[in-house]
Amino acid sequence: MPKNSDRRSILLLSVGHSCVDVYQGAVAALVPFFAAERHYGYAAVSGVVLAASLLSSVAQPLFGALTDRRPLPWLLPVSTLLGGAGIALSGVSGSYGLTLAFVALSGVGVAAYHPESARVARLAAQRVQGAAGSQGGPGTHRGMAWFSLGGNLGFAAAPLLVAAVVGTGGLRLTPLLALPALAGAALCLPVLRELERRAAGAAQAPVPAADDRAAFLRLSLAVVCRSIAFVGLSTFLSLFATQRLGGGPAAGTAALVVLYAGGAVGSVLGGALADRWGRVAVARWSYLVAAVAVAGMLLVPGPVLYLFVALTSAGLYVPFSLQVTLGQDYLPSRIGTASGITLGLTVSIGGLASPVIGSLADATSLRTALLPLVLMPLLSWALFRTLPEPVVPSAGSEPAGAGTTPVSR
């Protein structure tokens, strides 16, 4: 098979991933505008984040299980449009209930996108690398790093996009935020055509390696801890930075941009470091860095806050794509489920803890409420100490979850 088309597919999937994840970042970026324009308190704005996360957290593994049974490539454009529609509608009504419903709709779209897109991205990464890109090989996790980079760039762009649109004309202009979804859906179409082109020459997939469910469970718990830290920080960081530094919403927007933009560097760096030291070791040490950085961000005064935000971002994002391929290698017979949990829940499930943080902040202070987040990367570090590095199968093998039907090859 020609490799150029697979490289093009990874590029298109990466940019499309950016167009989807801009809507996950947009939820946190909209928080200061909901607080200012609608006078929502900490608990109310954390409820908005919860609405985006709750259905997404439940739906993500379900969509993963569906794609394990039968690949659903049409989900890529449909879910992209759904994610954009929810955020676009979130500002058009003053009703808190409708706002929650629209944000939840966006969360479902995001949930539907990730398992199938990760499965397709893994296939393309394996083909680019050939036999060396089989399960867990450098080609696979390096390709997934570039795919994850797109999502992280979408996160990084979200505060700037929201500030440019909503900061200019208020929440009534949120329908303009649908534009990335339209672009992302269009970018999916060439990838779908490539999948169809390959269908005629599909071969029977080999029997996958055995699942290591115990390791996958421990990895999933580490992902949950990472998610609680990341979503908690992304929800309240802009408000915290504004309080600590002054300067109005600009200070908060700048802090969010640093948090998300650092992730773009972290994802690619993680793939490169893993080639030398292994995925488990790199992720483990990254979480230690994250724990120290979160403590510094919350406790050290002054503009150095931005430096600690950048270190926090790197520490939390270096393991990002590595966790996806580790999950796929621990659970090779359930690629979609593994992707839905490690890629999707990395962001969404942390929103379940946001109302607790918001309520504690209302009762005490925002810094007091955020301090327990220091423990989350420490727990991830402890869990990664128990994980083995998956053994790369012999050349030419490919997990059944990646090609159980003709359209998936």
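We're numbering straight along the sequence, starting at 1.
The CD atom of Glu389 sits 6.0 Å away from atom CG of Leu326, with the distance rounded to the nearest 0.5 Å.
Applying the ring-ring contact (aromatic ring centres under 6.0 Å, His included) definition to pairs two or more places apart or across chains, those involving residues 361-386 are Tyr287-Phe384. Applying the ring-ring contact (aromatic ring centres under 6.0 Å, His included) test to every pair with at least one member in residues 33-57, sequence neighbours left out, gives these pairs: Phe34-Tyr40, Tyr40-Tyr96.
In the model, Thr99 has a side-chain atom that pairs as donor or acceptor with a side-chain atom of Arg38 under 3.5 Å. Side-chain contact, Thr386 with Arg218: a donor N or O sits under 3.5 Å from an acceptor N or O.
For Arg119 and Asp68, the salt-bridge test fails: no basic side-chain N is under 4.0 Å from an acidic carboxylate O.
Checked against the 6.0 Å centroid threshold, Phe63 and Tyr113 do not count as a close aromatic pair.
Looking at heavy atoms from C-beta onward, Asp212 lies out of side-chain contact with Leu331 at the 4.5 angstrom threshold. For the pair Leu192/Pro77, a side-chain contact is recorded, criterion being any heavy-atom separation below 4.5 Å from C-beta on. Leu288 has its side chain within reach of Leu378: a pair of non-hydrogen atoms, C-beta onward, lies under 4.5 Å apart.
Remark: the backbone N or O of Phe147 is paired with a side-chain donor or acceptor of His17 at under 3.5 angstrom. Proximity of a side-chain donor or acceptor of Asp21 to a complementary backbone N or O of Gln24 within less than 3.5 Å is not detected.
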